[in-house]
Amino acid sequence: MAVTDRPSISTLTLEHRIPQDWTADPWAEVRPLIDGVDVLGEVHPEGMAPSCRGWRGPGESWPLAVTAVPRRVLISEPTCTVGCCGGVYVTMRREGGRVIWDAWENTSDINAVPAEVHFDAAQYEAELARAAADRGWEEPVDTVARLLEQILVDSGGFERWGCVLTGVRPRREEPDEPEELALPEGVDVEFSASSAPGTPACSYRYELPLVPDRSPREQARRLAARILADDPRRSAERGDQRVASDPSPRCVPVPRTGGGRLAP
């Protein structure tokens, strides 16, 4: 394609959206809009864009980061697996003052894909930086979860007890859940540990409620202090049994509900 035939410059906007099916991934997705249009919604309506958790590290690790070397990126995936329901891929690279998205692939049953897209590189990179720093979309539960995860990681507290932090997730209220089964809004903390070298790791879980009249930062600090005050395996839930009542229960998957409770 001659330079004079190159596509016009488009504008990238990144929008945080909390998924409707948040049980698959409760963190907001960072959805790309091209010239204000949700192109992924048109060609892969059941898909989710990369989670905001992928935007916390250095710029070169962000999901939509580009270099002169072309990179094939999974830009939309279903709540199950790509192998089950398909996903959307795009190859992205930087050429001089432009960022180019092309070679789109849609492996779902819908074959439509967007056309080749060109962005102004300066606008593109500024939008990536803006989205990575954006906290305006967060609800209190998101802020507590993010701050709590940061405190737990920075403390090295789990490693001190031979444990590995595997996830910190906001837990949103489920409007259609029966009252007797519903959990209050809060944060779930999951970690694993092996009782001896060569043995399978067991999973543990806390289900931490929020307190409306406390700031997210204060709640994160208080929850972290309670988790890190002692061996977390003593107060967390292991499968459907408390570790404190059974020091060596068999290793079973952690259920979605029933985890260890700590007052905030």
Side-chain angles (χ1 to χ4, degrees), residues 9-95 97-108 110 113-139 142-143 145-146 149-150 153 165-170:
I9 298 293
S10 291
T11 299
L12 176 70
T13 305
L14 297 173
E15 183 176 284
H16 288 78
R17 296 185 188 176
I18 296 172
Q20 290 185 339
D21 183 12
W22 64 264
T23 56
D25 186 346
W27 291 103
E29 57 178 328
V30 182
R31 202 160 185 90
L33 307 183
I34 300 176
D35 296 328
V37 177
D38 181 8
V39 295
L40 297 183
E42 295 180 350
V43 302
H44 197 229
E46 70 279 16
M48 294 171 59
S51 166
C52 65
R53 298 189 79 250
W55 293 82
R56 295 183 186 173
E60 59 269 19
S61 71
W62 296 340
L64 305 185
V66 294
T67 66
V69 179
R71 188 168 68 94
R72 182 173 180 260
V73 177
L74 177 62
I75 201 171
S76 179
E77 59 183 321
T79 56
C80 51
T81 65
V82 174
C84 174
C85 293
V88 176
Y89 296 83
V90 64
T91 297
M92 50 185 66
R93 67 188 185 279
R94 178 167 181 166
E95 286 187 0
R98 291 196 177 197
V99 170
I100 300 172
W101 288 10
D102 63 3
W104 293 82
E105 303 170 61
N106 189 344
T107 61
S108 70
I110 303 174
V113 293
E116 179 178 310
V117 184
H118 287 220
F119 303 100
D120 175 78
Q123 186 274 326
Y124 182 96
E125 292 176 352
E127 180 61 9
L128 264 59
R130 184 204 63 77
D134 183 13
R135 301 286 182 261
W137 61 273
E138 289 185 344
E139 299 176 353
D142 301 293
T143 307
R146 175 175 55 81
E149 181 178 33
Q150 181 180 340
V153 169
L165 180 65
T166 55
V168 179
R169 298 158 55 95

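Every salt bridge (Lys or Arg N to Asp or Glu O under 4.0 Å) that Glu139 has, sequence neighbours left out, goes to Arg172. Glu125 pairs by the side chain to side chain contact (heavy atoms under 4.5 Å, CB included) definition with Arg94, not counting sequence neighbours. Considering only residues two or more places apart in sequence or on other chains, Arg93 meets the side-chain hydrogen bond (donor to acceptor under 3.5 Å, both in side chains) condition with Glu95, Asp102.
Judged by distance alone, the side chain of Asn106 and the main-chain N or O of Val43 form a donor-acceptor pair under 3.5 Å. In this structure a side-chain-to-backbone donor-acceptor pair under 3.5 Å is present from Glu127 to Leu14.
Contacts classified as salt bridge (charged side-chain N to carboxylate O under 4.0 Å, His left out) and involving residues 61-82 (residues at least two apart or in different chains) are given here: Arg72-Glu105. Residue pairs meeting the ring pair (Phe, Tyr, Trp, His ring centres under 6.0 Å) criterion with at least one member in residues 31-56, sequence neighbours excluded, are Trp55-Trp62. Residue pairs meeting the salt bridge (charged side-chain N to carboxylate O under 4.0 Å, His left out) criterion with at least one partner in residues 49-60, sequence neighbours excluded, are Arg53-Glu149, Arg56-Glu149.
The CD1 atom of Ile9 sits 3.5 Å away from atom CZ of Arg98, with the distance rounded to the nearest 0.5 Å. Remark: Glu29 CD to Ser76 OG distance equals 8.0 Å, nearest 0.5 Å. Taking CD1 of Ile75 as the start and CE of Met92 as the end, the distance is 4.5 Å to the nearest 0.5 Å.
Taking each heavy atom of Val30 and Ser51 in turn, the nearest pair found is CG2-C, 4.4 Å. Pairing each heavy atom of Met48 with each of Asp25, the nearest pair is CE-CB, 4.1 Å. Between Ala132 and Arg135, the shortest heavy-atom contact is O-NH1, 3.2 Å. Of all the heavy atoms in Pro63 and Gly54, the pair that sits closest is CD-O, 3.3 Å. Summarising the geometry of Trp27 relative to Arg146, their closest heavy-atom pair is CH2-N, 3.7 Å, with the distance given to 0.1 Å. Between Pro78 and Gly86, the closest heavy-atom pair is CD-O, 3.0 Å.
Side-chain contact between Trp101 and Val73 is absent, with no heavy atoms from C-beta onward closer than 4.5 Å. Inter-residue side-chain proximity for Val66 and Leu128 is flagged as unmet; no heavy-atom pair is nearer than 4.5 Å.
Between Trp137 and His16, the ring planes are parallel. Angles under 30° get that label, and only those over 60° would be called perpendicular.
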Check residues 32-40 and write down every donor-acceptor pair under 3.5 Å in which the side-chain atom is one partner and the other belongs to a residue at least two apart or another chain.
{"from": "Asp35", "atom 1": "OD1", "to": "Thr11", "atom 2": "N", "distance (Å)": "2.8"}
{"from": "Asp35", "atom 1": "OD2", "to": "Ser10", "atom 2": "OG", "distance (Å)": "3.0"}
{"from": "Asp38", "atom 1": "OD1", "to": "Arg31", "atom 2": "NE", "distance (Å)": "3.0"}
{"from": "Asp38", "atom 1": "OD1", "to": "Gly41", "atom 2": "N", "distance (Å)": "3.1"}
{"from": "Asp38", "atom 1": "OD2", "to": "Arg17", "atom 2": "NH1", "distance (Å)": "3.2"}
{"from": "Asp38", "atom 1": "OD2", "to": "Arg31", "atom 2": "NE", "distance (Å)": "2.9"}

>> Apply side-chain contact (heavy atoms from CB on, under 4.5 Å) to residues Ile18 and Asp142 and explain how you reach the verdict.
In response: CA-CA 10 Å; Ile18 296 172; Asp142 301 293; 4.2 Å; yes
